[in-house]
Amino acid sequence: MESVDANPTASLITSVCRTKSDLNEAEIKEIVRVAGHLQMMADLNGSDVFIDCLWRGREDQAVVVAQAKPATGKSLYSEFIVGQRILRDNEPGVFYAFQTDKYVTGTRAITNENVTIQQKILPIHGPGRKSRATGVLGTGVHATSDTYVGDTSSTPATASPSRLIGVIILEQDISTQVIQEQAARLFQQTAEDLGETLWEVAVAEINLPSLIHEGVILCNSEHLFTYINPTARQWFEKLRQPRPEMGSPLASVFSGVLEHVLQNAHDRGVEAREFTFGDNTVLVKAISIQRKGTFKGGLILLSDITELRDKERQLSIKSAVIKEIHHRVKNNLQTISSLLRLQMRRTKSEEIRTAFYDSIHRIKTIALVHQTLSQSGIEFVELRQLIESIASMLIQTAGHPDRMVSYRVEADDISLPSEKATPVALILNELIQNCLDHAFEHQTACRITVSVVYGDGELRLVVQDNGQGWDLLKSGEALGTRIVETLVTEDLSGRIDYANCDGMRVTVCLPIRWTTPGIPS
């Protein structure tokens, strides 16, 4: 065996052909000429290309006489293999081409380096032979029925046919494709084996009722009953369906629903549908059992989901009722607010008017919480939205046309349950109202910032204004301040801190533990 470290030269090809094949000098010259195109073929296809000739005196062995590695891709061979012996068992496609004198494509082989390849093989004929091929492996080197493969410079078009002297072989790595095919075959075989096992177990009635607590029905390829477990029979009796016998059609029960679901499962493998029969809701699941693409029968499971759907309906009704309650509470609070406003207009005492005014805002703040709950349909309130609604309401009704009051809310995504949303809303109402009442007496450009953050099990509310600050001793006697301190310290077990810093900053810290992300407990 000979091998080299570079593309074979004409002298090496000639030497190998003379010593290891039966080719004459004219035929060897033709092999050398064709080998001159191998590198172009290899580069255009990104594949290894070879020329094989039959071993001297043998029909079942060949020798590699020329080889080209692709410069445009990775070679499948670490060394050049010119001079190596090729056996029929390793590359049957090559010897099929020698035997039949036909172009061969799609054959597979395994290289000496254990790589699975796909081969395209084209016969090479001696000088003077017309080619019957229509192309050379898609490489751009073409031969038609009117073209000579051999050197025609000295051979007339009417020359007698010459013998097959070698083959051109193009090899491509298909290892990844083979792995994928094997995985697909394994998956298909596993699925089919599982289906058959389930079929056999069910038909044999091997303790199936104790394994599956659903109604189980099996039918054959003609949609005739072959097995019905006791649970399924109970279903037929409960729903007043005809009691099917073995061999009766699947369409004889449930108005053909079972057969319809199984037919839909033929293409997808599995199909599930819900149906209502009287006061009962049934989930029908059908599995199409196939073997090598042939439908062998079907497995149908019946599940009673009546109780589940009843609970879902009850929850839906409950949610609608809760929303309606919140809506009515909100309407009632607005009615109370309107009555207080009417009463406020009948008094001439400014102190009484202020008390009415503050009470109306507190009622409206509680109404905002119920309005949010009536719209969302759940028992949680998004805190940022609530703060913005309260601030907007208070600023719009402040009654100071000479002041330009703006507000900004900086809050994480936090949702509060309704029982905690109401006291937090009242705290924010009082703090923002205090800013409007006491902070901006001699200002026209007024700003209020409300920030909310959560960390270490504590909800931290900060209300900051850019006003002149408050007289803490004086404001401490006010009803609003007492309401805030009562809600913070007694109702929510928190703490409150006041600080005159470029205006008044009020910090409220509430111990709240999170039970669900975004929702404090």
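Every value quoted in this text rests on a predicted model; they were computed, and no experiment measured them. Reckoned from all heavy atoms, side chains included, excluding hydrogens, waters and symmetry mates.
Gln172 and Ser47 form a side-chain donor-acceptor contact under 3.5 Å, judged by distance and modelled atom types alone. Defined by atom type and a distance below 3.5 Å, a donor-acceptor pair is present between the side-chain atoms of Glu171 and Tyr77.
Evaluation of the side chain to side chain donor-acceptor pair (under 3.5 Å) rule for Ser75 yields Asp48 as partners, not counting sequence neighbours. Considering only residues two or more places apart in sequence or on other chains, Asp60 meets the side chain to side chain donor-acceptor pair (under 3.5 Å) condition with Arg58. In this view, Thr276 satisfies the side chain to side chain donor-acceptor pair (under 3.5 Å) rule with no residue, not counting sequence neighbours.
The structure places CG of Asn229 at 9.0 Å from CG of Leu301, a figure rounded to the nearest 0.5 Å. A distance of 12.5 Å separates CG in Asn90 from CZ in Arg85, rounded to the nearest 0.5 Å. Distance NZ/Lys420 to CG/Leu510: 9.0 Å, rounded to 0.5 Å. The CD atom of Glu274 sits 3.5 Å away from atom CD1 of Ile305, with the distance rounded to the nearest 0.5 Å. To the nearest 0.5 Å, atom CD of residue Gln61 and atom CZ of residue Phe95 are 7.0 Å apart. Rounding to the nearest 0.5 Å gives a distance of 11.5 Å between OG of Ser21 and CG of Asp52.
The main-chain N or O of Ala411 is found under 3.5 Å from a side-chain atom of Arg384 such that the two form a donor-acceptor pair. At least one donor-acceptor pair under 3.5 Å links the side chain of Thr100 to the backbone N or O of Tyr96.
Using a 4.5 Å heavy-atom threshold, the side chains of Val253 and Leu258 count as touching. Counting heavy atoms from C-beta outward, Val452 and Glu410 have side chains that stay 4.5 Å or more apart. A heavy-atom distance below 4.5 Å is not found between the side chains of Ile51 and Val167. Side chains of Ile217 and Leu250 form a contact here, defined as non-hydrogen atoms less than 4.5 Å apart. The shortest distance between side-chain heavy atoms of Leu283 and Leu302 does not fall below 4.5 Å. Lys29 places none of its side-chain heavy atoms less than 4.5 Å from the side chain of Ile31. Under the 4.5 Å side-chain criterion, counting only non-hydrogen atoms from C-beta, Cys53 is in contact with Leu23. Looking only at side-chain heavy atoms (C-beta outward), Ser392 and Tyr407 come within less than 4.5 Å of each other.
Aromatic rings of Phe80 and Phe50 (six-membered ring for Trp) have centroids beyond the 6.0 Å cut-off, not under it.
For the pair Ala71 and Asp43, the tightest heavy-atom approach, listed with the atom from each and the gap, is N-OD1, 2.8 Å. Trp55 approaches Val63 most closely through the heavy-atom pair CE3-CB, 3.6 Å.
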| said: Set out, in order, the CA-CA distance, both residues' side-chain angles and the distance that settles salt bridge (Lys or Arg N to Asp or Glu O under 4.0 Å) for Arg273 and Glu271, then state yes or no. | reply: CA-CA 7 Å; Arg273 295 282 183 87; Glu271 180 73 5; 3.0 Å; yes

| said: Run Glu30 and Ile165 through side chain to side chain contact (heavy atoms under 4.5 Å, CB included) and show every step you take. | reply: CA-CA 9 Å; Glu30 179 63 14; Ile165 62 173; 4.0 Å; yes

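Between Glu27 and Arg163 there is a salt bridge, with a side-chain nitrogen of the basic residue lying less than 4.0 Å from a carboxylate oxygen of the acidic one.
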